[in-house]
Structures are given as C-alpha cells and as structure tokens.
Amino acid sequence: MSLNVPLSNRENSYNFYSEFDLKKKIGEGSFSEVWLCVQRSNGREYAAKVLKKNYGHTVDAETWNAVSEINVSNSLGKHPFLLMLKSAYHEKENGQIILVSELMKKSLFDIIENGECPLSEYRIKTYMYQMLEGLRYLHENGFIHRDIKPENILLRSQDKLLKIGDFGTTCHAINDLQYLEYVATRWYRSPECLLTRGWYNSKMDIWAAGCVLYEISTGLPLFDGRDENDQIEKIDRVLGSPDQKLTKKFQKYKSDVFIARYEINKQNERIAGVGLHSVYQPYRPAYELIKDMIVYDKSKRYSANRLLQKSYFYEIKNTEYEYKMREFENLIRNKSMVNLSKIDQKSNTTIYGQYSIIKKQGPGGDRIHNLETQSVNSGTFDRLSADISKKIDQPKLDKRKLNLHKILCSNTNKKKSIIVPKPENICHGIQKHNTRNICSKDDTKNTKNIPPSKQMLTESVSTLNKGSEVKNVGNKFVNRPPFK
C-alpha cells in the first residue's frame with residue numbers, strides 16, 4: 001500500500017536522525033517545535049516539525065492518521081500552492097513524531113513585520129490568486145483549513161511562489177455538523193466562529209483570507225480585537241450588527257460571546273456600521289474581491305472558486321503562471337484516467353491507488369474508514385513548480401501558445417475523470433500543533449514595529465473606537481494577539 005507521505009516505524013532500519021541533521025530552531029509553539037534540518041545524503045535543507053507529545057514506542061495506523069498534517073497530505077497529494085509533507089518519522093526511543101516538509105524562506109507575516117506593506121497591486125493579485133487556488137483545491141476535496149493567517153501563508157522563489165502551510169487544525173467539512181469552537185487566530189476569526197459553538201464551514205477560510213488581503217494592502221490588521229467580545233464589536237462597527245434572521249441562526253448554536261452580547265447585555269442596540277468601503281476605499285487594490293469576502297452571513301460570502309472567476313483576475317488569466325496551474329490540473333485528471341483504465345483491467349487490484357485512514361465518529365464510537373485517493377508523480381510536480389517560479393513574471397502568452405492551451409484544455413475536458421467518494425461523519429477537532437503562542441481569553445500581547453517611513457493609506461478599524469485606546473495610522477505599534 002503506497003502513501004503520499006512515507007512513514008517510518010520501529011520496524012524500519014532508518015530513522016530521522018540517521019537521515020537528517022538538526023541545525024537550528026526556527027519556531028516554537030505549545031504543541032511543536034520547528035527546526036531547520038539538512039538531509040545528509042544531498043545537503044538539501046528542509047523544515048522539521050517536532051511534535052511535543054510523547055507517542056510511546058509504537059505508533060499504529062490510527063495514531064498516524066490522527067496527526068492532521070499526515071491525514072491531509074495522504075488524502076490530497078501535492079499541489080503547487082499547498083505545503084504538503086515530504087515524510088514523517090516516529091522515534092521509538094523518545095516517542096517523538098517528526099514531520100518533514102519543504103523549507104519556505106519567509107511568510108506574509110515577515111513581510112508585514114518588515115514594513116513592506118502596502119504591497120504593489122500586481123503582487124497582491126498574484127498572492128491572492130495563489131491563495132484562493134490553494135483554498136479552492138482544499139475545499140473541493142472536503143477540507144477546512146481553519147487557521148488562515150499571515151504566519152501560515154509561506155513564500156519562496158524570491159517571494160513570488162506562495163504556499164498555504166500548517167494543517168494542524170484542518171478538518172473534514174461535514175454539512176450541518178458542529179465543530180470545535182475555539183479555532184483560528186482571533187483577528188482572522190469569522191463572525192460565525194465568534195457567535196456560535198462550532199457552526200461554521202469552509203467559508204470561514206474565505207473570511208480569514210479577506211483579513212489577510214486587507215493586511216497586505218495596508219500593513220494594518222482589519223479587526224484587531226483585544227478579546228472575543230471586542231473582536232465582534234469591531235466587526236459590528238464596520239459591517240453593522242446581524243439582522244434578526246441571521247441572529248436567530250446564530251442563536252441555535254450560541255456561544256458565550258453571543259449570550260453576553262444579545263442576552264445578558266440586552267440594552268445593546270443594533271449598530272448600523274460604517275461600511276467596509278469606509279475603511280477600505282473602493283479605489284484601493286482588490287476592493288472588488290474583499291467586499292465579497294468580508295461578509296457577515298457565511299451563506300452570502302463567495303467561495304474560492306467564485307472569487308477566482310471575478311474580473312479582478314483577468315490580468316492573471318492566460319499568463320504562463322496561470323497556464324502552469326492548468327497544466328497541473330490536467331496532470332491530475334490524466335493520472336486519474338490512467339488509474340481507472342488499469343483498475344478496469346485488473347478488477348481485484350488497485351493500481352497507483354493509496355489509502356488514508358480517517359477517523360469516523362458514530363453511535364458506536366471511533367471507527368476507521370479507508371478513503372481511496374490518487375497520487376501525482378513527484379518528479380513531474382517538481383518540474384511544474386520550478387517552471388512556475390521561473391516564469392511567474394511573464395505577462396502574457398503569445399497567440400500561438402494561447403491557442404495551443406485552449407486546444408489542450410478542450411481535448412482534456414472531453415475525457416472522463418474519476419469521482420472520489422467523500423467520507424461521511426468524519427471526526428474533527430484535532431488539536432493544532434502550532435508554532436506560535438496559544439490564544440486564550442487571558443491575553444498576552446506581542447508588539448510589532450512598523451517603520452514610520454511607511455505611511456499607511458488606510459486607517460485601522462481600531463480608530464473607530466470611541467474609548468481611550470485610539471490607534472493612529474502613523475503609530476509605530478500594532479499589538480498582535482497570541483495565537484489559537
């Protein structure tokens with residue numbers, strides 16, 4: 001049985017420390033440490049995430065797949081804009097599980113911290129295109145990331161190629177299912193996550209991506225609440241309080257924040273809100289995108305696929321960058337067709353198939369479910385990624401390449417593809433192995449500096465507060481919260 005992520009165990013003759021040398025720690029959180037490591041055989045650098053939990057001397061298949069990053073990587077395979085695992089190791093001597101992935105040089109958080117924002121309009125467009133393509137693939141395969149934020153949007157290839165990372169809190173999306181309540185970092189947490197006990201879906205990732213878009217466009221956070229109550233207060237001051245119909249939906253799964261705001265403190269009147277256009281003017285880059293992402297009602301919030309169809313991305317269309325993305329999709333489609341053909345020839349044998357073991361919760365407790373997925377040839381994928389990083393700046397294809405691209409796409413669409421069945425009632429709520437501090441109601445704040453030479457064009461929403469804490473756009477300090 002072949003998996004996307006090679007797993008080591010006590011029966012293997014190799015282990016992590018025989019293959020890699022740890023060089024330096026590059027991050028740490030409550031559940032894990034991230035190290036720069038070097039592969040001894042070829043000298044290549046990778047990122048090693050060492051989980052702090054002791055898994056004992058043996059690890060079975062269920063335990064392996066309870067690690068969210070392994071579950072996601074085995075289920076999805078590689079994608080140009082998602083940072084998947086290279087391999088995973090279990091060290092029986094100390095019970096550690098170590099996850100190895102590609103080393104990304106920096107994140108959007110580093111760019112914001114360094115005072116490089118606001119970014120150029122074209123750079124914002126390429127980042128949002130890659131981010132939404134990654135989310136589209138994730139959502140269409142039944143997953144919710146649940147922690148989109150600048151720290152988890154990683155960059156390489158001279159800051160041109162973007163990948164979404166850290167799948168420690170990623171779960172399967174099940175309709176009308178209540179999820180873990182406290183997920184996502186507070187500043188990027190959607191209204192349904194704040195006002196309910198787990199009544200959300202993949203649209204929460206779209207909200208968070210909209211907050212990231214605002215931040216790279218201005219250098220300031222959109223909703224920088226001190227706690228959960230202050231967070232929803234800041235959202236209401238911009239978008240206005242939810243109407244009665246939406247409030248009733250929230251009430252079905254009401255959270256402590258909802259109770260405090262709408263039941264205990266009943267004297268709170270509905271807030272009209274100043275409107276998103278007041279804090280992010282329509283002339284700014286990507287306004288037509290953010291206005292459909294930062295929407296109170298999740299049912300009216302655009303999906304990643306719908307956002308990618310907007311005219312905002314016309315400049316990206318028919319570039320070498322977009323062409324390579326479609327080539328990757330054709331590769332997956334053709335690979336699935338080859339697998340189907342070979343399965344028909346040998347009905348009792350699964351060729352090129354792989355299985356990821358997913359926990360299912362039912363009346364009888366935890367059960368195991370095998371989900372058949374398809375893998376992608378690693379060499380071909382690496383070639384595509386390299387081509388993308390080289391040719392991302394090419395503005396447009398010439399007419400001959402464009403016509404060839406259209407012919408290839410039209411021929412490919414005539415072929416039949418595999419439909420992979422979605423698992424039902426899959427367990428969720430896996431603990432996140434974060435590399436930052438944990439968010440709690442007892443806040444401890446970090447401070448970041450923004451050089452005064454970088455004048456921001458848009459005020460932070462916090463300036464709308466009438467209290468004593470008023471933030472000036474020229475201020476040097478932006479307090480970031482600890483992370484959930």
### Query
Any salt bridge between D205 and K203, counting N to O under 4.0 Å?
no

### Task
Just jot down the side chain to side chain contact (heavy atoms under 4.5 Å, CB included) partners of S190, sequence neighbours excluded, or say none.
E192, C193, M204, W207, R301

### Query
CG of N305 to CG of L132: how many Å apart, nearest 0.5 Å?
10.0 Å

#### Entry: Axial cation check for Y287 ring with R284, 6.0 Å and 45° limits
no

### Message
With a 4.5 Å cut-off on side-chain heavy atoms, are L51 and F31 touching?
### Response
no

### Message
Any non-hydrogen side-chain atom of K160 less than 4.5 Å from a side-chain atom of T126?
### Response
no

### Query
Can you tell me how far the OG1 atom of T170 sits from the CG atom of N71, to the nearest 0.5 Å?
9.0 Å

### Test salt bridge (Lys or Arg N to Asp or Glu O under 4.0 Å) applied to E121 - qualifying residues, sequence neighbours left out
none

### Query
Taking only residues two or more places apart in sequence or in another chain, which ones pass ring-ring contact (aromatic ring centres under 6.0 Å, His included) with Y296?
none

### Query
Between C117 and I112, what is the shortest heavy-atom contact and its length?
SG-CG1, 3.8 Å

### Query
So, K106 and E113, do they make that salt bridge, N to O below 4.0 Å?
no

### Task
Could you tell me whether the side chain of D147 and the main chain of N152 form a donor-acceptor pair under 3.5 Å?
no

### Query
Just checking, any donor-acceptor pair under 3.5 angstrom between side chains of Y302 and Q309?
no

### Query
Quick one: CH2 on W187 to NZ on K234, what's the gap to the nearest 0.5 Å?
9.5 Å

### Listed partners of S107 passing side-chain hydrogen bond (donor to acceptor under 3.5 Å, both in side chains), at least two apart
D110

### Query
Looking just at side-chain N and O atoms, do E133 and Y137 make a donor-acceptor pair shorter than 3.5 Å?
no

### Summary
Residues passing the side chain to side chain contact (heavy atoms under 4.5 Å, CB included) test with K300, sequence neighbours excluded, are V295, D297

### Task
Taking S303 for its side chain and R306 for its backbone only, find out whether a donor-acceptor pair lies under 3.5 Å.
yes

#### Entry: L138 CG to N141 CG distance, which is reported to the nearest 0.5 Å
7.5 Å

### Summary
Interatomic distance, CD1@I235 vs CG@L222, rounded to 0.5 Å, equals 8.0 Å

### Cation over ring face, K86 and Y46, 6.0 Å, 45°
yes

### Query
If you measure from CZ on F81 to OH on Y129, what distance do you get to the nearest 0.5 Å?
6.0 Å

### Message
Applying side chain to side chain contact (heavy atoms under 4.5 Å, CB included), can you list everything that pairs with R123, at least two apart in sequence or on another chain?
### Response
I111, E116, L119, S120, Y127, D159

### Student check: side-chain heavy atoms of K254 and T196 closer than 4.5 Å
no

### Task
List for me each residue that meets side chain to side chain contact (heavy atoms under 4.5 Å, CB included) alongside I153, sequence neighbours excluded, and say none if there are none.
L108, M131, I148, L162, I164

### Message
If you define the side chain from C-beta out and look only at heavy atoms, does anything of E215 sit under 4.5 Å from L220?
### Response
no

### Task
State which residues pass side-chain hydrogen bond (donor to acceptor under 3.5 Å, both in side chains) with E288; sequence neighbours excluded, sorted by chain then number.
S311

### Backbone of S255 reached by a side-chain donor or acceptor of R197 within 3.5 Å
no

### Task
For S68 and F167, indicate whether the former's side chain and the latter's backbone hold a donor-acceptor pair under 3.5 Å.
yes

### Query
Listed by chain and number, what are the ring-ring contact (aromatic ring centres under 6.0 Å, His included) partners of Y312, not counting sequence neighbours?
none

### Query
Within the side chain of H145, is there an N or O that forms a donor-acceptor pair under 3.5 Å with the backbone of D166?
yes

### Task
Return the set of residues passing salt bridge (Lys or Arg N to Asp or Glu O under 4.0 Å) with K298 (not counting sequence neighbours), or none when no residue passes.
none

#### Entry: Note: R261-E233 ion pair, threshold 4.0 Å (strictly below)
yes

### Summary
In terms of heavy-atom contacts, L213 and L289 come closest through CD2-CD2, 4.1 Å

### Query
F258 vs Y262 aromatic rings, parallel, tilted or perpendicular, using cut-offs 30° and 60°?
tilted

### Message
Test of understanding: with salt bridge (Lys or Arg N to Asp or Glu O under 4.0 Å), list the residues that count as partners of K249, not counting sequence neighbours.
### Response
none

### Query
Angle class for the Y253/W199 ring planes (parallel below 30°, perpendicular above 60°, tilted otherwise)?
parallel

### Query
Under 4.5 Å between any side-chain heavy atoms of R237 and V274, yes or no?
no

#### Entry: Test side-chain hydrogen bond (donor to acceptor under 3.5 Å, both in side chains) applied to E102 - qualifying residues, sequence neighbours left out
R156, K163

### Check: M84 main-chain N/O paired with S101 side-chain donor or acceptor under 3.5 Å
no

